Amino acid sequence: MKKHLSTDRLRLADALRDRLAASRCEQLGAAGRQLDSLLAQLGRVEASRRRLGLCLDRGWQAAGRRVVEEMRSILPDLPYHTDQARRALEERQEAVLSIRALLAELDQLAEEFGEVICDSRTDTVAVTTEPIELEGVALGAFRIELHVRQIASGSVESAVSVVALDPRPAAGNSAIVHPHVDSGRVCLGDGLLPARAALESGRLSDFCCIVRSVLETYNSGSAYIQLDEWEGVSCHDCGRVVHEEDSYFCTSCEESYCDECASRCERCEDTTCLSCMSPCPVCEDRYCSACLTTCPDCDRQLCRTCEDEQQCPCVEEREELDNEDNEGDRPAIIGQEGQDLPARTEEAGSTAA
Amino acid sequence: MKVLFINNHGSGYADYVDVPEGARIDQFIAEKLADVGEDELLIRVNRQPVARDYVLQEGDRVSATPTKIEGALAV
């Protein structure tokens, strides 16, 4: 067990005491604001009651009805404001721990975790867990950092960071180094209430032990990424994580894909992703870029087989154009049933019946 | 006699509770946390680990922290 320099520990205990005292004031302030809201509502009721009395005294029936309507809209809100004030006043107000007690907490932290780092420049307390393995997936050790300046009434998770010391993030998301940690933020789940109580009471050791217990437990029902999807390869197209032996490597773009996003070139049979393949406009089969060629006449991309067999659509288009041109050179003569007849130039104006 | 009990399995607050003279820590925990296995708790008395047959004293500070707590994902 190591103890950090006592000066740093003392400064940190002092900073923590100040922050806890400020947090108490914030709690009292919140309670005061709730009471103010309740009093404001009661004030409106009182004012309406006085006006109603005035209306009754002077026989102002229409005005009296309007006052009653007004009170009908005020009264339903009273239970809400009363409940909010009650909750705020029920918040436990424990005395802030003494410096001596906070130093004892730091000592206990060192006992529980083997070492505690106190940084009085950043007002941070840090401890390290043992390497953690959940359901056969090794996640490495984690550093739990408590940021004293971030301690505020009602806010726990923003005051703690969890840092992977030997990161083994999920295949699909490098920010997730633990099933319940995302970008350094741990989601305490069932541990939230006791963690909040521990922190508000200054029980640092209990707080860090609770965070450690969360890190050492896998809740498959509420994880950022499931452990059975932790290791593997992320499909470059859809992002699905698959085992390495179930992934396919595209020889064109050199990325990995799942079985649904990978395919095979019809000609060379190389594994190719769907994005790196294009259909031939003639046979409509899909080919990799190496098995497609460019028609020298129209620059269309088509497979080598169709190109060799002169199957490019531009060939037919050219033939149609040629045919149209040829028909345009001959005069049209209509015979029986529309048959073309040779032209008879020696009899001007003569036509077939 | 009274001991301070910090139950980090529940709401996490500390309360003074009555215990009979001569009560052992394992008996006390079994009564207070009957639904939790002994091996699932980190038990500390006056911030120190103690043997299961430790006899509680007046004013002892007892804390019990689960070793397995289910986290979640933030919604």
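Proteins come first, then strands; the chains are lettered A, B, ... in the order of their sequence lines, and each starts at number 1. Since the structure is predicted, the reported quantities are computational estimates derived from the model, not experimental observations.
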Counting distance only, does the side-chain N/O of [X] pair as donor-acceptor with the main-chain N or O of [Y] below 3.5 Å?
X: A/R17; Y: A/G202; value: no
X: A/T217; Y: B/I69; value: yes
X: B/Q48; Y: B/V45; value: no
X: A/N173; Y: A/A175; value: yes

Report task. Name the member of A/A198, A/P194, A/G189, A/A197 that forms the most heavy-atom pairs with chain B at distances under 4.5 Å. Result ->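 Answer, by heavy-atom pair count under 4.5 Å with chain B: A/P194.
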**Report entry** Top contributor to chain B contacts, counting heavy-atom pairs under 4.5 Å, from A/L192, A/L193, A/L215, A/D206
**Finding:**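 Greatest number of close heavy-atom pairs with chain B: A/D206.
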Query raised in the report: At what distance, to the nearest 0.5 angstrom, does CG of B/N46 lie from OH of B/Y54?
Result: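 Output value for this atom pair is 5.5 Å.
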**Report entry** Pairwise distance SG(A/C209) to CD1(A/I144) - rounded to 0.5 angstrom
**Finding:**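 Output value for this atom pair is 8.5 Å.
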So what's closer than 4.5 Å to chain B heavy atoms on [X]: side chain, backbone, both or neither?
X: A/R212; value: side chain
X: A/Q108; value: side chain
X: A/E112; value: side chain
X: A/A195; value: neither
X: A/I210; value: both

Query raised in the report: For atom CZ of B/R52, is the number of surrounding heavy atoms from other residues, nucleotides or ligands below 6.0 Å larger than 12?
Result: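 For B/R52, atom CZ is not crowded (no more than 12 foreign heavy atoms under 6.0 Å).
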Query raised in the report: Which of residues 230-238 of chain A get closer than 4.5 angstrom to chain B, counting heavy atoms alone?
Result: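 None at all.
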Query - Pairing of A/E145 and A/R143 as salt bridge, 4.0 angstrom limit - result: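 Yes.
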Requested in this report: Run through A/E135, A/H180, A/Q226 and flag the one making a side-chain hydrogen bond (donor to acceptor under 3.5 Å, both in side chains) with A/Y218.
Outcome: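 When A/E135, A/H180, A/Q226 are each tested with A/Y218, the side-chain hydrogen bond (donor to acceptor under 3.5 Å, both in side chains) holds only for A/Q226.
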